[in-house]
Amino acid sequence: MITSAGMMRAATKRSLRIRLRAMLAMAASLQAAALCSAPAQADSGSPSIGELKQLDVEDLMNVEITSVARHPQKLLDAASAIQVITQEDIRRSGATSIPEALRLADNLQVAQKNSHDWAISARGFNTALGNKLLVMIDGRTVYTPLYSGVFWDVQDYLLEDIDRIEVISGPGGTLWGANAVNGVINIITKSAADTQGGYAEAGGGSEPHEFTSARYGGALDADTHFRVYGKYFDRGDSVLANGDPVPDAWRQGRAGFRMDSEPSTQDRFTVQGDYYDGHENVQTGGEADAGGEADAGGDNLLGRWTRVLSDGSDLSLQSYIDQTHLALPIAPLTVNGRQLSPPGFLYDDLTTYDVDFQHRFGIGARHRIVWGVGFRYTHDAVLDAPGLGFSPAVLQQNLSSAFIQDEIALRKDLSFTLGTKLEHNDYTGFEFEPNARLSWILSSSQSVWAAVSRAVRTPSRIDHDLTEGAPPYPVILEGGSKFTSEAVIAYELGYRAQLNSKFTASVSSFYNQYNDVRSTSITPVKIIPIYFANNLQGDTYGLEFSGNYQVCEAWSLHAGYTLLEEHLRVKPGAFDLNDALNETADPEHQFSLRSSLNLPRHAEFDAALRWVDTLHINNGAVSGPVPSYFELNARLAWHASERLELALAGENLLHERHPEYGFPGPMRAEIQRSVYGKLAWRF
């Protein structure tokens with residue numbers, strides 16, 4: 001029985017927590033104001049400028065990127081909606097995983113489903129089987145042919161060794177191929193020459209429970225450098241709305257190496273590889289304690305040769321092999337409470353061989369051409385679970401491609417880019433992905449750009465080969481033998497500027513038209529099995545804003561906002577069992593505000609506030625909400641010396657727990673408030 005005194009004590013505690021948060025926020029604001037008003041003083045014992053320096057606002061427009069044109073160019077010149085997450089951004093955010101670091105990109109929708117699963121997309125379609133975002137790590141594509149999406153729980157790296165993450169929102173099919181429909185994420189790690197010496201970190205807390213990483217870099221000779229690394233983490237369960245744990249804890253270990261050699265001023269060689277193995281609990285039943293353990297492991301090896309032919313001309317040849325293994329517990333197949341098949345495991349072994357060649361050169365003073373060819377071979381072997389399988393069980397596929405793009409200088413301040421990619425896949429044959437882009441440099445600090453693009457999402461094994469309820473059990477859902485590629489025509493307009501010495505801003509707008517989007521259909525004769533078809537169409541439009549304000553030398557602010565409107569519908573005369581609800585699960589509005597403050601005595605304080613609007617997710621033809629929420633992350637760090645850093649970080653500090661994804665129900669996982677400490681040592 002809860003007494004009135006107990007209720008008063010609980011209310012008092014809540015009030016004290018609210019007041020404490022307000023006092024901390026006020027203290028941080030007063031400290032920042034004091035630092036900005038105080039005269040600058042020399043601090044001979046401060047850490048090196050490489051450790052603490054924030055990019056000045058004047059430098060932001062000159063950041064060099066490669067993902068828009070497949071060659072280096074200034075951010076100001078890029079005719080695309082692109083944001084760059086720097087190494088300093090990652091370090092000061094307190095992120096412990098790549099998905100957490102991707103929250104720093106304002107042009108992404110990022111939602112944590114449970115302890116180990118994430119939903120990440122750009123410009124919508126962020127569903128459980130989200131498949132319209134291409135992700136690369138050092139040029140290696142990391143999507144799975146099972147559903148054309150990304151298993152985010154196995155995409156990891158030593159975050160200290162990531163140089164930057166380039167995030168493009170909008171189609172990138174002309175240069176990067178199928179599945180770059182709504183965006184491209186390009187994770188670029190540092191060269192071995194930039195990671196010399198030792199680095200070690202360790203920490204833990206309420207979440208993650210514990211983590212440790214180590215890296216050592218050395219040189220074989222003056223022109224050849226290497227590094228090796230290893231890392232391990234252990235994360236706990238998420239919880240239900242009532243506070244009970246969900247069985248989704250996970251742990252993972254990873255190791256890898258990279259070697260870079262420059263035997264001449266013209267040639268550059270890179271060889272790198274990674275190995276990982278992890279285990280995670282997966283909820284498979286209707287009860288919180290009904291689950292099994294999934295195993296995920298893999299390895300990859302990549303080689304790249306780059307040769308500089310002249311100023312403005314170079315070529316590169318890259319090849320990699322990537323192997324992944326997945327053992328996933330599958331729930332029993334049930335319909336209306338009746339169990340049609342027992343639980344079991346689905347096993348998937350995928351091997352990918354990829355080779356890519358690119359050549360860049362100029363013709364006269366006006367044309368800069370980049371072209372290339374590529375080939376990918378995949379061998380996918382599936383061992384069916386009782387209620388879920390793929391036919392054929394073993395599938396070998398070939399993907400061939402060629403692209404060309406010409407950047408034409410119409411005037412000194414005006415350029416027009418025209419290009420296309422031609423791909424051939426084993427499901428739909430040839431696919432054509434052209435684009436046209438216009439960039440107008442208004443001044444040394446302002447630019448306007450516009451683009452029209454076509455991109456496609458080619459069929460995955462789920463779309464084409466799935467059997468849910470594999471024989472001898474009843475087949476409820478199966479892939480569509482005539483499933484074709486989904487397509488988008490995208491129209492974009494953007495503005496990017498450094499408005500004064502303290503403020504930069506970037507605004508982009510878009511209007512996308514989608515056709516042949518995935519649906520679920522029934523045959524005219526019988527309802528079961530349901531099958532995948534292309535009966536949806538629709539459009540989306542929206543706005544993306546990102547701004548940086550340098551309050552003073554010690555304090556900078558960053559703000560971001562996105563607006564997304566989605567209108568997906570069934571084609572006239574067609575049918576979709578889910579009433580066009582199954583392909584979208586996205587907030588209409590998002591807002592974020594980040595503060596980075598350098599404190600006296602070699603300390604740093606960073607805070608990130610985000611607001612995510614209500615998103616609607618479906619269960620069949622029924623839509624349910626994930627409530628909107630505010631959340632706050634914060635990090636306080638002290639550089640005891642140039643080599644030693646101590647940090648305390650907190651995530652989701654405004655609520656004890658909250659949901660970010662999932663259909664409403666008693667089994668929906670929620671994300672808890674967490675605090676952890678970290679020690680980092682460079683030697």
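The structure presented is a predicted model; accordingly, all values stated were derived computationally and were not measured. If you read the sequence from its start, that first residue is 1, and numbering goes on from there.
Here the side chain of Asn619 pairs no donor or acceptor atom with the backbone of Val622 at under 3.5 angstrom. Remark: the backbone N or O of Ser93 is not paired with any side-chain donor or acceptor of Asn633 at under 3.5 angstrom. Side chain of Asp613 to backbone of Pro587: no donor-acceptor contact under 3.5 angstrom is found. With Asn182 contributing its side chain and Ala122 its backbone, the two residues share a donor-acceptor pair below 3.5 Å. Remark: the backbone N or O of Asp586 is not paired with any side-chain donor or acceptor of Gln109 at under 3.5 angstrom. A donor-acceptor pair is defined here as one N or O able to donate and one able to accept, closer than 3.5 Å; such a pair exists between the side chain of Asp384 and the backbone of Phe390. At least one donor-acceptor pair closer than 3.5 Å links the side chain of Trp250 to the backbone N or O of Ser115. For Asp248 (side chain) and Ser238 (main-chain N/O), a donor-acceptor pair under 3.5 Å exists by modelled atom type. Side-chain N or O atoms of Asn425 include one that pairs as donor or acceptor with a backbone N or O of Thr428 at under 3.5 Å. With hydrogens and angles disregarded, no donor-acceptor distance shorter than 3.5 Å links the side chain of Asp576 to the backbone of Val570.
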_Stepwise salt bridge (Lys or Arg N to Asp or Glu O under 4.0 Å) check, Lys571 with Asp516_ = CA-CA 9 Å; Lys571 293 179 181 178; Asp516 296 329; 2.5 Å; yes

*Begin from the C-alpha positions of Phe483 and Tyr427 and carry the test ring pair (Phe, Tyr, Trp, His ring centres under 6.0 Å) through to its verdict.*
CA-CA 8 Å; Phe483 194 92; Tyr427 281 135; 9.0 Å; no

*Show the numbers, then the answer: is there a side-chain contact (heavy atoms from CB on, under 4.5 Å) between Val373 and Val355?*
CA-CA 9 Å; Val373 293; Val355 61; over 6 Å; no

*Check step by step if side-chain contact (heavy atoms from CB on, under 4.5 Å) holds for Ile185 and Gln155.*
CA-CA 12 Å; Ile185 296 176; Gln155 310 310 326; over 6 Å; no

_side-chain contact (heavy atoms from CB on, under 4.5 Å) between Val167 and Leu108, intermediate numbers included_ = CA-CA 8 Å; Val167 180; Leu108 290 178; 3.7 Å; yes

*Worked check of side-chain hydrogen bond (donor to acceptor under 3.5 Å, both in side chains) between Tyr320 and Asp322*: CA-CA 7 Å; Tyr320 67 80; Asp322 193 342; over 6 Å; no

*Going through the distances and angles, do Gln112 and Arg103 end up as a side-chain contact (heavy atoms from CB on, under 4.5 Å)?*
CA-CA 10 Å; Gln112 188 171 359; Arg103 287 197 191 275; 4.1 Å; yes

*Kindly determine whether Gln323 and Asp299 satisfy side-chain hydrogen bond (donor to acceptor under 3.5 Å, both in side chains), including the steps that lead there.*
CA-CA 5 Å; Gln323 300 180 104; Asp299 55 78; 2.9 Å; yes

*Test side-chain hydrogen bond (donor to acceptor under 3.5 Å, both in side chains) applied to Glu207 and Ser674, step by step*: CA-CA 5 Å; Glu207 194 63 48; Ser674 63; over 6 Å; no

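Within 6.0 Å of CZ on Phe575 lie more than 12 heavy atoms contributed by other residues, nucleotides or ligands.
Counting all heavy atoms, side chain and backbone alike, His116 lies closest to Asp153 at O-CB, 3.2 Å. Minimum interatomic distance between Val184 and Met136 (heavy atoms only, all atoms of both residues): CG1-CE, 3.8 Å. Shown here for Asn618 and Leu581, the closest heavy-atom pair between the two residues is OD1-O, 3.4 Å. Between Ile528 and Ile476, the shortest heavy-atom distance links the atoms CG2-CA, 4.1 Å. Taking all atoms of both residues into account, the shortest heavy-atom contact from Val282 to Ala294 is CG2-CB, 3.7 Å. In terms of heavy atoms, Pro247 sits closest to Asn281 at O-CB, 3.0 Å.
Note: Leu240 CG to Asn242 CG = 5.5 Å, rounded to the nearest 0.5 Å. The line from CD of Glu566 to OG1 of Thr584 is 5.0 Å long, rounded to the nearest 0.5 Å. With values rounded to the nearest 0.5 angstrom, Gln283 atom CD is found 11.5 Å from Asp117 atom CG.
By the ring-ring contact (aromatic ring centres under 6.0 Å, His included) test, His209 pairs with no residue at all, sequence neighbours left out. In terms of the salt bridge (charged side-chain N to carboxylate O under 4.0 Å, His left out) criterion, residue partners of Arg610 (sequence neighbours excluded) are, by chain and number, Glu660. Annotation: side-chain contact (heavy atoms from CB on, under 4.5 Å) contacts of Asp539 (sequence neighbours excluded): Tyr511, Tyr541, His567, Arg569. The ring-ring contact (aromatic ring centres under 6.0 Å, His included) check on Tyr676 picks up Phe211, with sequence neighbours excluded.
A perpendicular orientation is assigned to the rings of Phe430 and His424, their planes being inclined by more than 60° (bins at 30° and 60°).
The side chain to side chain donor-acceptor pair (under 3.5 Å) contacts involving residues 527-538 comprise Ser521-Asn535, where partners must be two or more places apart or lie in separate chains.
By the 4.5 Å heavy-atom criterion applied to side chains, Phe663 and Arg668 are not counted as neighbours. Side chains of Ile90 and Ile162 form a contact here, defined as non-hydrogen atoms less than 4.5 Å apart. Side-chain contact between Lys421 and Leu175: absent, with no pair of heavy atoms (C-beta onward) separated by less than 4.5 Å. Proximity of Thr127 to Tyr661: side-chain heavy atoms (C-beta onward) are separated by under 4.5 Å at one or more points. In this structure the side chain of Trp118 reaches within 4.5 angstrom of the side chain of Glu100, judged on heavy atoms. Side-chain contact check for Leu326 versus Thr324: every heavy-atom pair is 4.5 Å or farther apart. The shortest side-chain heavy-atom distance between Arg673 and Leu654 does not fall under the 4.5 Å cut-off. No side-chain heavy atom of Phe125 sits less than 4.5 Å from a side-chain heavy atom of Val181.
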Using atom types as modelled, flag every donor-acceptor pair under 3.5 Å from a side chain in residues 456-464 to any protein atom, sequence neighbours excluded.
unit_1, atom_1, unit_2, atom_2, d
Arg457, NE, Glu486, OE1, 3.3
Arg457, NH1, Asp463, OD2, 2.4
Arg457, NH2, Asp463, OD2, 3.2
Arg457, NH2, Glu486, OE2, 3.3
Ser460, OG, Leu146, O, 3.4
Ser460, OG, Ile462, N, 3.4
Ser460, OG, Asp463, N, 3.4
Ser460, OG, Asp463, OD2, 2.9
Arg461, NE, Asp465, OD2, 3.2
Arg461, NH1, Asp380, OD2, 3.0
Arg461, NH2, Pro392, O, 2.2
Asp463, OD1, Arg518, NH1, 2.8
Asp463, OD2, Ser460, N, 2.9
His464, NE2, Ser481, O, 3.3

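Between His658 and the choices Glu670, Glu631, Gln672, the side-chain hydrogen bond (donor to acceptor under 3.5 Å, both in side chains) rule is met once, by Glu631.
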